[in-house]
Amino acid sequence: MSFFGDIYAGKAEQRAAETNAKIIENNKQIKLQEAKQIMSVHNEFNLPQFDKTVEEIQGAATVDYATSGVELSGTPVEVLYENELSLQRDRDTMTFNAENARDRSENEAIMMQAEADLQRYRGKVAKKASYFAAGQSLLNTAATMQG
């Protein structure tokens with residue numbers, strides 16, 4: 001390849017790497033937004049909805065016991081207590097899953113930034129390599145002209 005071709009190819013590779021890095025960084029921003037949205041939906045919609053359902057379930061069970069003439073002591077209280085524990089475990093599991101999904105998105109964003117940085121580095125290396133190739137091309141041309 002000629003001197004100018006080497007330099008042009010190196011600069012083109014650097015521009016391509018920079019473009020790829022920008023695309024990856026845009027995708028990273030989307031992942032970060034996704035992470036925020038996961039927790040926002042969880043905190044503002046899923047948890048309040050779940051809490052409302054828990055209140056309805058426990059309220060209905062209490063009313064059922066009361067209307068059937070069962071005294072709210074002993075086994076019925078234990079059942080209500082066990083229901084509450086089970087429902088709170090479910091709530092904790094929902095929160096854990098939401099946090100886990102958020103963390104996965106954030107980790108993907110971190111990896112995307114690393115990939116973008118790597119693309120930029122590769123572009124810089126390609127550009128430097130093109131200068132060395134251009135220099136080699138000039139030396140070969142000079143050697144051919146003298147020899």
Side-chain angles (χ1 to χ4, degrees), residues 1-65 72 74-147:
M1 190 179 266
S2 72
F3 169 78
F4 293 111
D6 290 331
I7 291 177
Y8 179 76
K11 287 182 179 181
E13 283 186 60
Q14 185 179 27
R15 281 192 303 274
E18 183 62 35
T19 299
N20 288 340
K22 286 179 182 177
I23 291 168
I24 293 167
E25 285 176 337
N26 285 339
N27 291 338
K28 175 193 94 168
Q29 290 303 320
I30 291 169
K31 277 294 175 188
L32 290 173
Q33 274 303 116
E34 182 182 292
K36 286 180 185 176
Q37 187 175 13
I38 287 168
M39 289 312 294
S40 177
V41 167
H42 175 71
N43 291 329
E44 295 172 22
F45 179 75
N46 291 342
L47 280 184
Q49 203 59 25
F50 183 81
D51 291 341
K52 181 181 175 195
T53 303
V54 166
E55 288 175 21
E56 290 170 359
I57 290 170
Q58 289 295 75
T62 303
V63 168
D64 286 346
Y65 283 128
L72 285 177
T75 303
V77 170
E78 290 171 6
V79 169
L80 289 172
Y81 178 73
E82 286 300 318
N83 283 347
E84 182 66 24
L85 285 178
S86 177
L87 291 167
Q88 289 306 315
R89 273 192 298 272
D90 291 346
R91 187 179 198 277
D92 291 344
T93 300
M94 284 176 53
T95 298
F96 173 81
N97 289 338
E99 289 171 349
N100 194 22
R102 178 206 55 210
D103 292 347
R104 263 194 320 274
S105 286
E106 288 174 347
N107 286 337
E108 287 177 33
I110 290 167
M111 293 306 293
M112 287 176 173
Q113 184 60 56
E115 179 62 28
D117 293 343
L118 181 60
Q119 285 291 324
R120 284 192 177 91
Y121 176 75
R122 285 179 179 156
K124 288 177 185 176
V125 169
K127 184 178 175 185
K128 270 188 188 174
S130 74
Y131 287 124
F132 291 127
Q136 181 66 39
S137 177
L138 278 177
L139 289 174
N140 288 342
T141 301
T144 302
M145 292 179 117
Q146 279 192 353

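The model shown is predicted, which means the values in this text are computed figures rather than measured ones. Atom set for the values below is all heavy atoms of this structure, side chains included, hydrogens, waters and symmetry mates excluded.
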- Residue pair E106 / A35: nearest heavy atoms and the distance that separates them: CG-CB, 3.7 Å
- Say whether, by atom type as modelled, one donor and one acceptor occur between the side chain of N43 and the main chain of M39 under 3.5 angstrom. yes
- Given N27 and E108, is the side-chain contact (heavy atoms from CB on, under 4.5 Å) satisfied, shown in steps? CA-CA 10 Å; N27 291 338; E108 287 177 33; over 6 Å; no
- Message: When you compare the side chain of V125 with that of E13, does any pair of heavy atoms fall below 4.5 Å?
- Response: no
- Query: At what distance, to the nearest 0.5 angstrom, does CG of N46 lie from CG of D51?
  - Reply: 10.5 Å
- Identify which one of L85, T75, T62 satisfies the side chain to side chain contact (heavy atoms under 4.5 Å, CB included) criterion when paired with L80. T62
- Query: Does the side-chain contact (heavy atoms from CB on, under 4.5 Å) test come out yes or no for R122 and N20, once each step is laid out?
  - Reply: CA-CA 11 Å; R122 285 179 179 156; N20 288 340; over 6 Å; no
- Note on the structure: To the nearest 0.5 Å, atom CD1 of I57 lies from atom CG of N83 at 8.0 Å
- Message: Could you measure the distance from the CD atom of Q113 to the CG atom of L118? Nearest 0.5 Å is fine.
- Response: 11.5 Å
- Task: Could you tell me whether the side chain of N26 reaches within less than 4.5 Å of the side chain of I30, counting heavy atoms only?
- Result: no
- Message: To the closest 0.5 Å, what do you measure between CE (M112) and CD1 (I23)?
- Response: 12.0 Å
- Any T19 side-chain heavy atom under 4.5 Å of Q119 side chain: no
- Has the side chain of S86 got a donor or acceptor atom that lies under 3.5 Å from a matching backbone atom of E82? no
- Message: For K124 and E18: C-alpha separation, side-chain torsions, deciding distance, then whether side-chain contact (heavy atoms from CB on, under 4.5 Å) applies.
- Response: CA-CA 9 Å; K124 288 177 185 176; E18 183 62 35; over 6 Å; no
- Are there more than 12 heavy atoms of other residues, nucleotides or ligands under 6.0 Å from atom CD of Q37? no
- Item | salt bridge (charged side-chain N to carboxylate O under 4.0 Å, His left out) partners of E55, counting only residues at least two apart | none
Please tabulate, for side-chain N and O atoms in residues 126-135, each donor-acceptor pair with protein atoms closer than 3.5 Å (sequence neighbours left out).
{"unit_1": "S130", "atom_1": "OG", "unit_2": "K127", "atom_2": "O", "d": "2.5"}

- Task: Kindly compute the distance separating CZ (F96) from NE2 (H42), expressed to the nearest 0.5 Å.
- Result: 12.0 Å
- So, for A116 and A21, which heavy atoms are closest and what is the spacing to 0.1 Å? O-CB, 3.4 Å
- CZ/R120 to CD/E115 distance, rounded to the nearest 0.5 angstrom? 11.5 Å
- Query: Between Q29 and E25, does any side-chain donor sit less than 3.5 Å from a side-chain acceptor?
  - Reply: no
- Full working for side-chain contact (heavy atoms from CB on, under 4.5 Å) between N107 and K31: CA-CA 9 Å; N107 286 337; K31 277 294 175 188; over 6 Å; no
- In this structure, are over 12 heavy atoms from other groups packed under 6.0 Å from M111 atom CE? no
- Note on the structure: For S105 and I38, the nearest pair of non-hydrogen atoms, with its separation, is OG-CD1, 3.9 Å
- Task: Indicate yes or no: at least one non-hydrogen side-chain atom of D6 is less than 4.5 angstrom from one of Q136.
- Result: no
